[in-house]
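Have a look at the structure below before the remarks.
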Amino acid sequence: TGAEPRTVLTGSGNGLRKNPVLRTAIERLFGMKMQVSMAQDEAATGAAMCAAVASGEFSAIEEASRAVVRHEG
């Protein structure tokens, strides 16, 4: 269908963030490395980005996601 092959998994939630055994098992199952979001609460981050788009601060969710400040905490 023209889709690019996947090479990286993206995981979210504390179940994956705090359980390296589970993360490793899923990586082995899919044969790919997993990235876990640096945001501690992905749902709240997504809700804030949606609100920023709805308020007109950003024109699209892609633009809001690029503006998310990433830091190690």
Side-chain angles (χ1 to χ4, degrees):
T1 63
E4 302 255 343
R6 305 292 193 248
T7 58
V8 177
L9 292 173
T10 301
S12 67
N14 286 333
L16 292 171
R17 182 177 291 106
K18 295 182 177 185
N19 188 336
V21 174
L22 176 60
R23 197 169 46 247
T24 298
I26 293 173
E27 287 174 338
R28 285 183 183 158
L29 178 68
F30 287 95
M32 293 183 242
K33 295 303 283 178
M34 180 180 293
Q35 295 177 343
V36 180
S37 172
M38 289 182 359
Q40 294 299 305
D41 190 337
E42 294 91 344
T45 301
M49 288 190 301
C50 288
V53 172
S55 73
E57 183 70 23
F58 297 103
S59 62
I61 198 73
E62 295 83 7
E63 182 184 0
S65 68
R66 285 191 298 270
V68 172
V69 177
R70 290 165 171 59
H71 67 280
E72 294 186 30

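Here Lys33 pairs with Glu27 under the salt bridge (Lys or Arg N to Asp or Glu O under 4.0 Å) rule; sequence neighbours left out. Scored by the salt bridge (Lys or Arg N to Asp or Glu O under 4.0 Å) test, Arg23 finds no partners at all (sequence neighbours excluded).
The distance from the CE atom of Met32 to the OG1 atom of Thr7 is 7.5 Å, given to the nearest 0.5 Å.
Cluster annotation: Leu29 and Leu9 are assigned to the same hydrophobic cluster (Ile/Leu/Val/Met/Phe/Trp/Tyr, side-chain heavy-atom contacts under 4.5 Å, transitive).
Remark: side-chain polar atoms of Ser55 are paired, donor with acceptor, to backbone N or O of Ala52 under 3.5 angstrom. Using a distance-only test at 3.5 Å, with no hydrogens or angles considered, a donor-acceptor pair links the side chain of Glu42 to the main chain of Gly13. Between the side chain of Arg6 and the main chain of Glu4, a donor-acceptor pair closer than 3.5 Å is present. Of the possible polar contacts, none joining the Asn14 side chain to the Arg17 backbone as a donor-acceptor pair under 3.5 Å is found.
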**Worked check of side-chain contact (heavy atoms from CB on, under 4.5 Å) between Leu16 and Met34** = CA-CA 10 Å; Leu16 292 171; Met34 180 180 293; 3.9 Å; yes
Side-chain polar contacts of residues 56-64 - donor-acceptor pairs under 3.5 angstrom, sequence neighbours left out - could you list them?
{"residue": "Ser59", "atom": "OG", "partner": "Glu63", "partner atom": "OE1", "Å": "2.7"}
{"residue": "Glu63", "atom": "OE1", "partner": "Ser59", "partner atom": "N", "Å": "2.8"}

